[in-house]
Structures are given as structure tokens and as C-alpha cells.
K.L.:
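Supplied in C-alpha cells, the structure appears directly below.
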Amino acid sequence: MGLWSKGKGSGTSFKNPNAIGQAIAKNLPACDVIESASVAGPGFVNIVLSKSWVAKRIQDMLVNGIKTWAPILPVKRVVLDFSSPNIAKEMHVGHLRSTIIGDTLARMFEFSNVEVLRRNHVGDWGTQFGMLIEFLFEKFPNWEELGSQAIGDLQVFYKASKQRFDEDAEFKDRAQQAVVRLQGGEEKYRAAWKKICEISRNEFDQVYKLLDVQLEEKV
């Protein structure tokens, strides 16, 4: 599909992305790894691994041990950027997908004796935080005493603050000013930011725990 978008209109004989996918599937070089190839939908090329090849690899691991599979890589350290979910929002399938891919790569590198830095970047400084913080100050002037109870369900809190942001110009202006104060390091705003991140982080950690994924958070 990417090739089609680049070649479209340049005189190519291919009529659509599916035609390019068909050409790729038909021209894959013969090898013992691939059993078959087909094209689905608008141009997804699906490759089926050979059952006999997979069986032989498993047999080799059982007979010779899995360590014989660990390649000697030319790198000593790699950095993997994981799902980086959005604070105050639910994780979606894209976050789960990148988490699984990242953890798979991390385990492969670690098995090959490479140091892996498992990074997860959360907590930006954008408009959404100014919106959340200003809404928190407005609804709960004593939020520091209430702690997490002030916000409660973070998803509901986010939606309410977003509605206020979209409908009230004066609130929108205050929220934008809150971002400036947060970026400037004003303690009151920094403390509120940390509390919101903490609540959101606790929800993310439940998912990571279920997936048995270890991450190091960076802001």
C-alpha cells in the first residue's frame, strides 16, 4: 500500500495496491522458510511459515539447547521505546501492540546478552494537562487534602474537563496559562501534574502487570 501511494500516477502498470501485493507474493524467492504467500484486502501480504521448517527449528532447540540460537550481536546496548500511553486516557490496542512487540524484542536482545533499556515515556506538558489541572483547581480547591479521591475516575474527569475546555473560552484561556505555569516549574502546578500522572500510572501498571512486562518510565 505504501508502494502504491508512491508510484501512483507515475505510469506504473499496477492498477491498485492489491496488484502490487500480488506481484510481491508471486515473486518471493523460493526458500524452505515460506510455505505460502497470499494477498488480503487492499494489499496486505500474508506469509505462512513452513510447518516443516518450524518443526525442525523446535527439534534443534530440544536436542541442542536454546542457547545455540542466541546470535552474537555487534551491539552491547539497545534502547526500546515502548507504548508511551497518553496520561488520563485509556490504553488502546495500539498501545498494547507496541508493548507486546517491544517486550518481544527486549527478551530477544536480553537472551543474546545485550543490555536493554526498556523506556516508557509518559506525562507530556501539553494543553491536556493545563486543562486537567485547571479543572482540578476549580472543582476541588482542597484537592491536596483529598488526593486521588478528588479526581476519582480519571476517564470521567478527563471528559468533563475537555467539555469545559471546548465550551468555555475563559476556562480555555486559564488552561493555556496553566500549561505555561507548569512548564515554568511553578510548584502548585507541578504537584497537580504529578498527582494526575500517578493516578494514570497506577492504571497503566495494572495492564503491564497482567502482561508481565517490565518498563522504566521516563518523562
Side-chain angles (χ1 to χ4, degrees), residues 1-3 5 17 21 33-34 37-49 53-54 57-58 61 66-67 69-133 136 147-148 151-162 179 182-183 190 192-219:
M1 289 175 282
L3 290 174
S5 65
V33 177
I34 299 175
S38 61
V39 180
F44 295 103
V45 179
N46 296 327
I47 296 175
V48 177
L49 297 180
W53 179 83
V54 174
R57 301 285 81 74
I58 294 175
M61 286 188 287
I66 195 170
K67 287 188 176 181
W69 270 55
I72 299 175
L73 300 176
V75 296
K76 299 298 182 182
R77 175 188 293 176
V78 298
V79 179
L80 290 178
D81 192 9
F82 276 71
S83 46
S84 302
N86 304 105
I87 291 294
K89 295 183 180 179
E90 289 181 322
M91 293 177 71
H92 56 67
V93 66
H95 296 127
L96 296 177
R97 180 178 63 241
S98 58
T99 297
I100 296 300
I101 293 173
D103 190 56
T104 300
L105 290 172
R107 293 180 186 227
M108 292 170 64
F109 278 118
E110 288 164 349
F111 188 77
S112 300
N113 298 313
V114 175
E115 180 187 2
V116 179
L117 303 180
R118 295 164 168 257
R119 298 293 190 247
N120 201 35
H121 293 271
V122 299
D124 59 43
W125 304 86
T127 302
Q128 71 177 44
F129 269 106
M131 176 182 75
L132 289 165
I133 291 171
L136 177 64
S148 300
I151 294 177
D153 187 326
L154 193 54
Q155 304 299 317
V156 174
F157 191 84
Y158 178 88
K159 291 177 181 178
S161 64
K162 182 65 166 63
V179 176
L182 174 62
Q183 294 174 342
R190 184 65 65 89
W193 173 80
K194 288 181 179 178
K195 175 55 65 177
I196 294 170
C197 287
E198 178 187 331
I199 296 171
S200 207
R201 182 185 301 113
N202 290 338
E203 295 183 6
F204 298 152
D205 286 346
Q206 293 181 38
V207 176
Y208 295 136
K209 188 174 183 179
L210 287 171
L211 295 174
D212 191 25
V213 173
Q214 302 297 321
L215 299 172
E216 183 179 359
E217 182 179 302
K218 293 291 182 179
V219 177

K.L.:
A quick test of your reading: do over 12 heavy atoms of other residues, nucleotides or ligands sit less than 6.0 Å from CE of M91?
P.N.:
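Atom CE in M91 is crowded, with more than 12 foreign heavy atoms closer than 6.0 Å.
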K.L.:
Among residues at least two apart in sequence or on other chains, which ones pass side chain to side chain donor-acceptor pair (under 3.5 Å) with R190?
P.N.:
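With neighbours one apart ignored, the set is empty.
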K.L.:
Could you walk me through whether V116 and L105 pass the side-chain contact (heavy atoms from CB on, under 4.5 Å) test, one step at a time?
P.N.:
CA-CA 9 Å; V116 179; L105 290 172; over 6 Å; no
K.L.:
Roughly how far, to the nearest 0.5 Å, is the CG atom of L136 from the CZ atom of F157?
P.N.:
4.5 Å
K.L.:
Rounded to the nearest 0.5 Å, how far does CZ of F44 lie from OG of S38?
P.N.:
12.5 Å
K.L.:
Measure the spacing between CH2 of W193 and CG of L132 and express it to the nearest 0.5 Å.
P.N.:
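With rounding to 0.5 Å, CH2 (W193) is 13.0 Å from CG (L132).
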K.L.:
For F111, does the CZ atom have more than 12 heavy-atom neighbours from other residues, nucleotides or ligands under 6.0 Å away?
P.N.:
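Counting other residues, nucleotides and ligands, CZ of F111 exceeds 12 neighbours.
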K.L.:
Which heavy atom of S83 sits nearest a heavy atom of S98, and at what distance?
P.N.:
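Result for this residue pair: CA-OG, 3.2 Å.
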K.L.:
Check P17 against M1 and note the closest heavy-atom contact, atom names and distance.
P.N.:
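What the structure gives for the nearest pair is CB-CG, 3.8 Å.
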K.L.:
Evaluate the side-chain contact (heavy atoms from CB on, under 4.5 Å) criterion for residues L182 and I133: first the C-alpha distance (whole Å), next the side-chain angles of each, then the deciding distance (0.1 Å), finally the verdict.
P.N.:
CA-CA 9 Å; L182 174 62; I133 291 171; 4.2 Å; yes
K.L.:
In plain terms, say whether R107 and E110 are close enough for a salt bridge, that is, a side-chain N and a carboxylate O under 4.0 Å apart.
P.N.:
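Here R107 does not pair with E110 in a salt bridge, since their nearest N and O are not under 4.0 Å apart.
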K.L.:
Does C197 offer a backbone N or O that forms a donor-acceptor pair with the side chain of S200 under 3.5 Å?
P.N.:
no
K.L.:
Quick check: are there more than 12 heavy atoms from other residues, nucleotides or ligands sitting under 6.0 Å from CZ of R57?
P.N.:
yes
K.L.:
To the nearest 0.5 Å, what is the distance between OH (Y208) and CG (L96)?
P.N.:
8.5 Å
K.L.:
Can you name the residues that form a side-chain contact (heavy atoms from CB on, under 4.5 Å) with L210, not counting sequence neighbours?
P.N.:
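With sequence neighbours excluded, L210 shows a side-chain contact (heavy atoms from CB on, under 4.5 Å) to no residue whatsoever.
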K.L.:
Looking only at non-hydrogen atoms, find the nearest pair between V114 and V75 and report the distance.
P.N.:
CG2-O, 3.6 Å
K.L.:
With rounding to the nearest 0.5 Å, note down the distance linking CG in N113 to CG in L73.
P.N.:
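If I round to the nearest 0.5 Å, the distance is 9.0 Å.
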K.L.:
Applying side-chain contact (heavy atoms from CB on, under 4.5 Å), run through Q206 and K209 and close with a yes or a no.
P.N.:
CA-CA 5 Å; Q206 293 181 38; K209 188 174 183 179; 5.7 Å; no
K.L.:
How would you list all residue pairs meeting salt bridge (charged side-chain N to carboxylate O under 4.0 Å, His left out) that involve residues 75-86, not counting sequence neighbours?
P.N.:
R77-E115
K.L.:
Decide yes or no on side-chain contact (heavy atoms from CB on, under 4.5 Å) for H95 and H92, but give the supporting numbers first.
P.N.:
CA-CA 5 Å; H95 296 127; H92 56 67; 3.2 Å; yes
K.L.:
Within this structure, what is the OG1-CG distance for the pair T104 and L80, rounded to the nearest 0.5 Å?
P.N.:
10.5 Å
K.L.:
Examine distances only and state if a side-chain atom of N120 and a backbone atom of E216 form a donor-acceptor pair shorter than 3.5 Å.
P.N.:
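Pair absent, no side-chain N/O of N120 close to backbone of E216.
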